[in-house]
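Heads up, the thing below is written out as structure tokens.
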Amino acid sequence: MAKADKKRKKSFLTDVQTLRKRARAHIERGAVTEGYSADRETVLKILNEALATEIICVLRYKRHHYMATGLNAQSVAAEFLQHANEEQGHADQIAARIVQLGGEPNFSPEGLATRAHAEYVEGDGLVDMIKEDLVAERIAIDSYREMIAYCGNDDPTTRRMLEGILAMEEEHAEDLVSLLEELGAH
Ligand SMILES: [Fe+2]
Ligand SMILES: [Fe+2]
């Protein structure tokens, strides 16, 4: 083993005594330990922005679900509803993580649209609604990707949660493109 490798291996883990001592200090911080190396305030801020984004997406998909009319409307409306429910699930996951990190989830309707990355656009007709949803998904995809990169190895739990959400937003975008294709409108 090269000398440098040996040194790295040796300093890999904190010794047990220190680990135990650190865990006993500030137990009121719960899951947030001394080893938490991310900037907690920033993580909480971006998670609250993501929460606002998800709530806006729930509202938009709900509006679209109830407003979908005309030929092909039934299957499209069902897809809108499924997406609305999945965005609600994301909002719940994010809110729970915010609390776990010692923060407070911001559910205030005041400034909600400003905090969110995606927009609430009602859309005019089925195709227009699908296109607006697709735009919103694409915004979410890019912002989640950035958040994931930001968390890196400093907050692997938040990162993994965001990776799961990102994968579903990508599925949503794919679903919407398929709907546009079925309607011959892309
Ligand atoms: Fe979502
Ligand atoms: Fe989505």
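Note that ligands are numbered from 1 as they come in the structure, with each ligand's atoms numbered from 1 the same way.
Counting only heavy atoms from C-beta outward, the side chains of Ile56 and Tyr61 never approach each other to under 4.5 Å. Residues Pro105 and Val99 form a side-chain contact, since some pair of their non-hydrogen atoms from C-beta on lies under 4.5 Å apart.
Between Arg145 and Asp142, at least one side-chain N (NZ, or NE/NH1/NH2) sits under 4.0 Å from a carboxylate O, which counts as a salt bridge. A salt bridge links Glu122 to Arg63: at least one charged side-chain nitrogen sits closer than 4.0 Å to a carboxylate oxygen.
Distance check for Asp133 against the Fe ion (ligand 2): none of its N/O/S atoms falls below 2.8 Å.
Partner Leu179 forms a side-chain contact (heavy atoms from CB on, under 4.5 Å) with one of Met129, Glu79, Glu174, Lys131 and no other, that one being Glu79.
Listed by first then second residue, pairs satisfying side chain to side chain donor-acceptor pair (under 3.5 Å) with a partner in residues 151-160 read Tyr36-Asp155, Ser37-Asp154, Arg97-Asp155, Arg97-Thr158, Asn153-Arg159, Asp155-Thr158, Arg159-Glu163, not counting sequence neighbours.
At a cut-off of 2.8 Å, measuring from the Fe ion (ligand 1), the protein N, O or S atoms that fall short of it are Glu54 OE1, Glu54 OE2, Glu87 OE1, His90 ND1, Glu169 OE2, waters left aside.
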